[in-house]
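Here is the naming used below: chain letters follow the sequence lines, and residue numbers restart at 1 for every chain. Only a predicted model underlies this, so the values are computations on that prediction, with no experimental measurement involved.
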Number of protein chains: 2
Amino acid sequence: MDLPDDRPEVISPMKRVEAHSLVDDIAQQLETAIVSGELRPGTKLSEQGLAKTLGVSRSPLREAIRRLEGRKLIERTPNIGARVAQLSPTELYDLLVVREALEGMASRRAAENMTEADVARLRELLHEHALQQEASAGAGYYQQGRDFDFHFLIIRASRNDRLIAMLCDDLYDLLRVYRYNSSTKPGRAKKALEEHEAIVEAIASRDGDRAEDAMRRHLRNARAHLERELADQGSVARAPGPGAL
Amino acid sequence: MDLPDDRPEVISPMKRVEAHSLVDDIAQQLETAIVSGELRPGTKLSEQGLAKTLGVSRSPLREAIRRLEGRKLIERTPNIGARVAQLSPTELYDLLVVREALEGMASRRAAENMTEADVARLRELLHEHALQQEASAGAGYYQQGRDFDFHFLIIRASRNDRLIAMLCDDLYDLLRVYRYNSSTKPGRAKKALEEHEAIVEAIASRDGDRAEDAMRRHLRNARAHLERELADQGSVARAPGPGAL
DNA sequence: ATCTTGTCGATTGTCGACAGTGTTCTATCG
DNA sequence: CGATAGAACACTGTCGACAATCGACAAGAT
């Protein structure tokens, strides 16, 4: 029995070419088109039109739409068509409540699991944010991508794949569709930065309870901020009333 | 196999039957087949076979599979086929962590929003559980459906549609696939009942903090119980299960 | 005897076409 | 002139067929 030691003629380290199905490609394209804003919420997705645009047949396109439908990124009404998911203010609020729950838990797990190197990276990010905010002082509108980086780093540190997928893949996609940002106004941005600091501190000291609490406080504040903005815009009041169920 | 007589123009008054598309039906059938155990985790879903069994063509079947794929109930590998989602012990644990976060939040919102009538119904359920447990004293294996009723009632009372959908439609489906029950052993059942009582009490007194805490404690205990069971079983040894199918 | 390689069968991926349904435009009637 | 009924159109829903790919088995070479 000779030792296998089989790396015989593999010169290049095995490019794992991941059997990309056409449906995967289409779904990916649709997803990026939606979250990038190219396809706005409520846009009707014509099968024929899209198929022609993407240069594919309707069958794989329909399957891609079905998958995104399962992820709640696309809504479909029989015999009418598919539309990009559109959230009412109430639905957005509900989604942010879910986010508070999930990301609070992620923050807790991150405090327990995050490597020192990642903690350092987190501090670095925080520092960059602070600098950026000083620079763009009043007009501060601090970059959406940066904020996402901060939250994503924490979420991934939770080491919980399901949690990561639900937040990074599904929930944040929906928030991106709405150009939602926790700190779009200068006053809020400053406060948000302080809250971020509190979160990092809690994580650095490996205090799960405090980390969850800080994150949830942060997200609650952001939500309240949004509510005020929506109220200012005089949009529809929540008013679900004790009717249902 | 011809379809059932398509009695063409029955003057049925306004069949506002939500335009059931064939894909919806198939997806529903697949879902129930999976959660009922008829299709065990890891089972390969042959398109031809299933299409012939259900009496439909492959196209709508494939679309239904895609939707369930988006919901993580089915996993698919290109050119190989679709399989019923299979959770490793780690993935099950991760899922239960997510459940703790979401259902804790649901419990909090329930404490804030639940009607008095529903609180009464909750107490009633609790009472039924207690009776049933006394009856089947030692052998207690208290019924999965009942336990679900309890949790579902609380979740729905959260008045958060997104939260409700995530828990009732998606997460609990996955747990059902694994015949997961928070209290499968007598000793645990008794303690679970006490924990349920604590939850109800917190909700009844409209204390959101305590309601969330009690629910999360309950779910953590259940999770720890499962961990011990898995550890006892050592290897995977997936017991034949309750003779499903 | 074992490993490689070519072929076969089966299954999945994709496509074009037809049928059913919703929408819209128009023509006619009140 | 406005409203309504009808028809034409466009779109989605479903199907069967063809192409591409994977797994298995068998034959040959080392």
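- Look at CG on A:Leu61: it is 12 Å from P on D:dG13, rounded to the nearest Å.
- Atom CG in A:Leu50 sits about 18 Å away from atom P in D:dA10, given to the nearest Å.
- B:Leu174 and B:Leu73 make their closest contact through CD2-CD1, 3.8 Å (heavy atoms, listed as atom of the first residue, atom of the second, distance).
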Taking only distance into account, with no hydrogens and no angle test, what donor-acceptor pairs under 3.5 Å do side-chain atoms of residues 56-65 of chain B form with protein atoms, sequence neighbours excluded?
residue	atom	partner	partner atom	Å
B:Arg58	NE	B:Glu47	OE1	3.1
B:Arg58	NH2	B:Glu47	OE1	3.0
B:Arg62	NE	A:Glu63	OE2	2.6
B:Arg62	NH1	B:Glu47	OE1	3.3
B:Arg62	NH1	B:Glu47	OE2	2.9
B:Arg62	NH2	A:Glu63	OE1	3.1
B:Arg62	NH2	A:Glu63	OE2	3.3
B:Glu63	OE1	A:Arg62	NH2	3.1
B:Glu63	OE1	A:Arg66	NE	2.9
B:Glu63	OE1	A:Arg66	NH2	3.3
B:Glu63	OE2	A:Arg62	NE	2.6
B:Glu63	OE2	A:Arg62	NH2	3.3

Could you list all N or O pairs between the protein and nucleotides 10-12 of chain C that sit under 3.5 Å apart?
residue	atom	partner	partner atom	Å
C:dT11	OP2	B:Gln48	NE2	3.1
C:dT12	OP1	B:Lys44	NZ	3.3
C:dT12	OP2	B:Glu47	N	3.4

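- Around atom CD of A:Glu38, no more than 12 heavy atoms belonging to other residues, nucleotides or ligands sit under 6.0 Å away.
- Under a 3.5 Å cut-off, the side chain of B:Arg159 and the backbone N or O of B:Glu112 do not form any donor-acceptor pair.
- Per the geometry, CD belonging to B:Glu63 stands 8 Å off C1' belonging to D:dG13, to the nearest Å.
- For the pair A:Pro41 and A:Gln86, the tightest heavy-atom approach, listed with the atom from each and the gap, is O-NE2, 3.9 Å.
- In this structure, A:Leu22 atom CG and D:dA19 atom C1' are separated by 14 Å, rounded to whole Å.
- Around atom NZ of A:Lys52, no more than 12 heavy atoms belonging to other residues, nucleotides or ligands sit under 6.0 Å away.
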